[in-house]
Amino acid sequence: MTDTEGRAAARHGAGLKAWLPAIRPKTLGLSVSPVLLGTVLGATGQPEWHWLPALAALLAAMAIQVGTNLHNDAADYLKGTDTPDRLGPSRASALGLIDPQRVKQAALAAFTVAFLLGIYLVVWGGWPILLLGVASLLAGSAYSGGPWPISESPLGEMFVWMFFGLGAVGGSYYLQTGRLDVEVLPPAAALGSFAAAVLVVNNYRDRYTDAQAGRKTLAVLMSPAASCLEYSLLMLTPFLLPGVLWREQGIAWLLLPALAAALYLSSRIWRLPHGRELNGLLAATARFQLLFSLLFCVQLFLGG
């Protein structure tokens, strides 16, 4: 059997194990964390929790994340930027596990699920949720697609900060309260900053291959030291925001372990060699974002 025939056979018989590299379940924490934090921020102090819109928002966010991952998997392969020799985790299309057209169809199905859930959320939350939902779907599909993919530009970190921070946390808060308050902005900005740090590691790892493919990410445009500094700032400066570590009630003691973890991760990026060794830091940064969200929520339950 030739290599081409083998890849075709693998695509034909693709099962769940073959789809996992395309779905990238380890990234789902990036979409779960802001919905969780925004929901708890809005629900604490309220007479009742609105569980159904919270669950719909969580599922919609996960569907958009899965759809974006699937779209990236197929689009990057079709453009020639992903190969079986890529430094990052393996991709289904690049490995020949699944036909990229099937991956694109699955991405459309995930976006459709998010759209249908969004209809309910719009009925519940009104036009602000409609605007946020449309913007999220457009951003998810445009991240690796369209004439000016966000993933190939210096704007990737800003978009991640906006949608995984301000948008997702603020939108989830709004679904619980029907309003937006200034006190939501610091934790939302912090969570978005940590999500952007995940992208920094990804782009820092891929800066050489991205440059060869003509991408213009910040990691390509800046020096390696500047990328390390960007990561450190995104991981540490959120703790200086009012209402994060320092609050009117005093220090949020439960966030001190998160600060220690941020300091440790920030030091690692300066010491790790370039290449696949950065995959561990990328996964650890994604886990850190979820840890921060959970600790912040527990602190809120404790009244701090």
Side-chain angles (χ1 to χ4, degrees), residues 21-22 24 26-31 33 64-65 68-91 93-94 139-165 189 191-238 262 265-289:
R24 295 163 62 195
K26 291 183 179 180
T27 66
L28 293 182
L30 296 175
S31 56
S33 299
I64 292 175
Q65 179 73 54
T68 303
N69 290 344
L70 291 167
H71 191 271
N72 292 351
D73 189 291
D76 288 348
Y77 170 73
L78 292 172
K79 288 184 293 187
T81 53
D82 270 354
T83 70
D85 298 324
R86 72 188 304 269
L87 294 175
S90 300
R91 296 281 185 90
S93 297
S141 60
Y143 189 76
S144 287
W148 301 288
I150 299 168
S151 63
E152 299 181 9
S153 76
L155 303 177
E157 285 90 334
M158 184 187 72
F159 272 79
V160 167
W161 178 76
M162 289 175 58
F163 284 98
F164 286 92
L191 211 63
S193 182
F194 301 141
V198 176
L199 182 61
V200 171
V201 180
N202 181 84
N203 291 345
Y204 176 61
R205 179 200 62 206
D206 295 340
R207 65 187 185 275
Y208 295 129
T209 53
D210 282 350
Q212 293 171 355
R215 292 186 168 192
K216 302 294 183 182
T217 64
L218 281 180
V220 171
L221 299 176
M222 301 191 305
S223 67
S227 290
C228 293
L229 178 60
E230 179 192 13
Y231 176 82
S232 297
L233 290 174
L234 287 171
M235 293 293 288
L236 297 176
T237 54
L265 294 175
S266 297
S267 68
R268 281 190 65 192
I269 196 170
W270 293 90
R271 302 195 309 266
L272 285 173
H274 173 265
R276 289 186 172 86
E277 292 84 358
L278 289 166
N279 288 333
L281 179 62
L282 190 150
T285 306
R287 290 194 297 268
F288 167 82
Q289 192 224 26

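In this chain, numbering begins with 1 at the start of the sequence shown.
The shortest side-chain heavy-atom distance between Q289 and V198 does not fall under the 4.5 Å cut-off.
Here CZ of F163 is found 10.5 Å from OG1 of T68. Values are rounded to the nearest 0.5 Å. Atom CD of residue Q65 and atom CG of residue L70 lie 10.0 Å apart, to the nearest 0.5 angstrom. The structure places CG of L30 at 9.0 Å from CZ of R24, a figure rounded to the nearest 0.5 Å. Residue N69 holds its CG atom at 4.0 Å from OG1 of T27, rounded to the nearest 0.5 Å. Rounding to the nearest 0.5 Å places CZ of R271 at 13.5 Å from CD of E277.
Considering every non-hydrogen atom in both M235 and F194, the closest pair reads O-CE2, 3.4 Å. In terms of heavy-atom proximity, L234 sits nearest to S193 at O-OG, 2.6 Å. Minimum heavy-atom separation, E157 to L199: N-CD2, 3.5 Å. Of all heavy-atom pairs between V220 and R215, the closest is CG1-O, 3.6 Å. In terms of heavy atoms, L265 sits closest to A284 at CD2-CB, 3.9 Å. Taking all atoms of both residues into account, the shortest heavy-atom contact from W161 to A189 is NE1-O, 3.1 Å.
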Show, in sequence, the C-alpha distance, side-chain angles and deciding distance for R207 and T217, and conclude whether the side chain to side chain contact (heavy atoms under 4.5 Å, CB included) test is met.
CA-CA 8 Å; R207 65 187 185 275; T217 64; 5.7 Å; no
Walk me through whether S232 and W270 qualify under side chain to side chain contact (heavy atoms under 4.5 Å, CB included).
CA-CA 9 Å; S232 297; W270 293 90; 3.0 Å; yes
Step by step, work out the side chain to side chain contact (heavy atoms under 4.5 Å, CB included) result for L218 and N203.
CA-CA 8 Å; L218 281 180; N203 291 345; over 6 Å; no
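Not a single side chain to side chain donor-acceptor pair (under 3.5 Å) links T237 to another residue, sequence neighbours left out.
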Would you tabulate the side-chain donor-acceptor contacts of residues 224-231 under 3.5 Å, counting partners in other chains and residues two or more places apart, or write 'none'?
from	atom 1	to	atom 2	distance (Å)
Y231	OH	T285	OG1	2.8

